[in-house]
Peer 1: 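One structure, as structure tokens, below. Some questions next.
In what follows, every chain begins at residue 1, and chains take the letters A, B, ... in the order their sequences are listed.
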Amino acid sequence: MSSPVLQAVAVKKHYRLAKHEIPVLRGIDLSVQAGETVALLGASGAGKSTLLHVLGLLDPPTAGEVHFDGQRVDNLTIGQRAALRHRHVGFVFQFYHLIPELTALQNVLLARMMTTSVWQFWRQRKQAKAAATALLEQVGLGDRLRHRPSELSGGERQRVAIARALLAEPKVVLADEPTGNLDSTTARGVVDLIFEIQRQRGLAFLLVTHDERLAQRCHRIVRMQDGVVVS
Amino acid sequence: MYRLFLAIRYLLTRPINLLGVAGITISVWALVVVVSLFSGFIDIIERHVHAASADIVVSDLPSWTSWPKLRSALADEGNVAGCSPRLLHYGLLLRPGHRPPPTPLPGRGALHGGDQPFLFVLGIDPIAEATVTGFADWVAHTDIPADLRGSTPTLATEDGVPTVLIGLDRMRREGLRRGDRVVLTTANQRSDANGNKSAEKVQIQLVVAGAFKTAHNGFDGNTVFVADATLRARLFPDAPDFVQEVAVRCHDETQLKATADRLQRAVVRAVEKNQAAYGSVETWREKNGMFLASVEHQRGLLQIVLIVIMVVAAFLMLATLSMMVTEKTSDIGILTAMGGTPSGVTMVFLACGLVITLVGVVVGTIGGILTGVYLEEVRQGVRWLTGIDLFPIDVYNLERVPCAIDPWWLVQVAGMAFVTGGLVSAIPALRAARHDPLVSLRGI
């Protein structure tokens, strides 16, 4: 582990509901080192997912700063934030968020299409397809490439989502309750996969979870309560 | 890449989008076919009207007009190839003892060569007329059977009775044959010793000399020819040099308007009296302007109706795209997380609309062109299948359903479709872009 790849500095986030301001994050300081796995634990409403979204540049902080590789990034333009997300941040969500019209392979390939033109993608389509196929094989779905999400189980869908998050070779993966929608057996398989990939690729993982056992497998556990880090 | 890829995948997996494609296709097809049909029809009508007209017509001449003086003035114009004097009157042409026919049915009026009881009576010099119009061809038309064909010399008296040439269709409709006696009933203005004017009934006994046929049914159905001497003797006996109208043929038909303008000045000088201007000079297009404009107006009205259909089709597309955006808001979150921007999300759904429009325009245009080219075959096919004649070509004296496909009109139709499609696609696309991606990511 070395310098922080992702860092929150005194991050606050308020939501406005009618005339009321509702504080969700009340000054969070958090660092995730390169290659580190960090579990964010906390009860519902503690602000875990909001912090994940702020760190992933999906939601701007009300106050404070977000740094990526030592550079402040929360003040970038929409386009710059989108490009940074695409190149360096992978997301895995509780509800998979696969595109139902696409096959497993196309869902993964979509990550490559996000920043390429039609011509660029056409020129590198074979390499892109090979990389996506290799990732799906790595997550154990080599024989389900042409299956649509509706034809896959929950665990398989989450594996496709993990492969999609990895195609752009990000430095950090933000996972929001990746096993929250799975039964315990399937969840164990997905967790094993996550940690195996983390070890192989040396990625930083920030996992939002309620699962103590999953948290115990991470390098570090950060507990949140009412919008602040308590330990 | 993802914008077009997702747009196509979204469209291919939702058959309801075919409604939008079908709507655009039908409206584009209809705009191409109907306007091409009308354009072809207008081209042919113009050719037919021109074929039944002199290049330029001098009319509204005053009673003191002297044909020798006017002819000299017209001949000075370099583009004039020939002139023919005419007397123009009107009247009822009936067999002796017959009553006038009933009022014409709707849609069978003068413009369609229908059963108008009143006729224009053109008093002509057949030899001069043949030099400025297609008169010689009209009386020798191949459709005229031998027993209805006029004898030569044309419009010569028969047994001292003046003769009349009648349109072929009218002759057949009224069962007239060559040599039949008819009576032209008309009126003439007469002044008494005090200068009071009154109408005087005039009846002229005529013999049917034969039939004539031009390409313009409206002209044939409402015009008869007699020798100018016949009309002059009964209506203008004291004015041997008087003419009411002059038919002019030009060397260069592309210069008709400029020639008409110059002739107008020459005619005014030739018939001027007390510093007042008399006489009117019009090209064949101006002379038939009302008729030609009425067909143009019909085309314009149909264009408006069909463009409204395109707008309705676009609203159909708006409805299907709006449904799709509502259904696909869940995808907006993950697209944003993967590096998409609001403008990128907008483009996904805008591309959906533009792809629908593109497919509709391509299919509609190709279908419209093919239908236009084979419109006559389509007409015959429909008539064979259903017995319904969609376009009764014999009414308009046509050999096949006309069609003139104008590439510029195709470009205009495609442009209208893309503008309309783009505008209605932008509404749901912008709604998608305003959707908060976090709402879908949280699974709310």
Peer 1: Quick check for you: to the nearest 0.5 Å, what is the distance between Lys328(B) atom NZ and Ile99(A) atom CD1?
Peer 2: 6.0 Å

Peer 1: Can you confirm whether more than 12 heavy atoms, excluding those of Gln71(A), are under 6.0 Å from its CD atom?
Peer 2: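 Incorrect, the count does not exceed 12.
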
Peer 1: Please check if the number of heavy atoms outside Leu390(B) that lie under 6.0 Å from its CG is greater than 12.
Peer 2: yes

Peer 1: With a 4.5 angstrom heavy-atom cut-off, is it the side chain or the backbone of Arg14(B) that approaches chain A, or both, or neither?
Peer 2: side chain

Peer 1: Please check if the side chain of His86(A) supplies one atom and the backbone of Met338(B) the other of a donor-acceptor pair under 3.5 Å.
Peer 2: yes

Peer 1: Looking at Glu169(A), I'd like to know if its CD atom is crowded, meaning that more than 12 non-hydrogen atoms belonging to other residues, nucleotides or ligands lie closer than 6.0 Å.
Peer 2: no

Peer 1: Which bit of Thr116(A) is near chain B, if near means a heavy-atom gap under 4.5 Å: side chain, backbone, both or neither?
Peer 2: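 Both parts, backbone and side chain.
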
Peer 1: So, the side chain of Arg85(A) versus the backbone of Thr336(B): is there a donor-acceptor pair under 3.5 Å, distance only?
Peer 2: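 Yes; judged by distance alone, with no hydrogens or angles, the pair exists.
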
Peer 1: If you count the non-hydrogen atoms of other residues, nucleotides and ligands that lie under 6.0 Å from CD in Glu399(B), is the total more than 12?
Peer 2: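 Open.
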
Peer 1: Within this structure, what is the NE2-CD1 distance for the pair His97(A) and Ile334(B), rounded to the nearest 0.5 Å?
Peer 2: 6.5 Å

Peer 1: At their closest point, which heavy atom of Ala82(A) faces which heavy atom of Gly340(B), and how far apart are they?
Peer 2: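 That would be CB-O, 3.9 Å.
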
Peer 1: Provide the closest heavy-atom pair for Ala337(B) versus Leu58(A) in the form atom of the first, atom of the second, distance.
Peer 2: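 Minimum heavy-atom contact is CA-CD2, 3.7 Å.
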
Peer 1: Heavy-atom distances under 4.5 Å only: say whether Arg164(A) touches chain B with side chain, backbone, both or neither.
Peer 2: side chain

Peer 1: Using a cut-off of 6.0 Å, state whether more than 12 heavy atoms not belonging to Arg123(A) lie near its atom CZ.
Peer 2: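 Check fails, neighbour count at 12 or below.
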
Peer 1: Side chain, backbone, both or neither: which part of Ser330(B) has a heavy atom under 4.5 Å from chain A?
Peer 2: backbone

Peer 1: What is the distance from atom CZ of Phe5(B) to atom CG of Leu109(A), rounded to the nearest 0.5 Å?
Peer 2: 7.5 Å

Peer 1: Rounded to the nearest 0.5 Å, how far apart are CG of Asp59(A) and CG of Leu438(B)?
Peer 2: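 The CG atom of Leu438(B) is 4.5 Å from CG of Asp59(A), to the nearest 0.5 Å.
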
Peer 1: Around atom OH of Tyr15(A), are there more than 12 heavy atoms of other residues, nucleotides or ligands at under 6.0 Å?
Peer 2: yes

Peer 1: Any idea which heavy atoms bring Asp331(B) and Glu101(A) closest together, and the distance?
Peer 2: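 Closest approach of Asp331(B) to Glu101(A): OD2-OE1, 4.2 Å.
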
Peer 1: Side chain, backbone, both or neither: which part of Leu6(B) has a non-hydrogen atom closer than 4.5 Å to chain A?
Peer 2: side chain

Peer 1: Out of Gln120(A), Arg81(A), His53(A), which one racks up the most heavy-atom pairs below 4.5 Å with chain B?
Peer 2: His53(A)

Peer 1: Measure the spacing between CG of Leu4(B) and CE of Met113(A) and express it to the nearest 0.5 Å.
Peer 2: 10.0 Å

Peer 1: Kindly give the heavy-atom pair with the smallest separation between Thr341(B) and Gly79(A), and that separation in Å.
Peer 2: CG2-CA, 4.1 Å

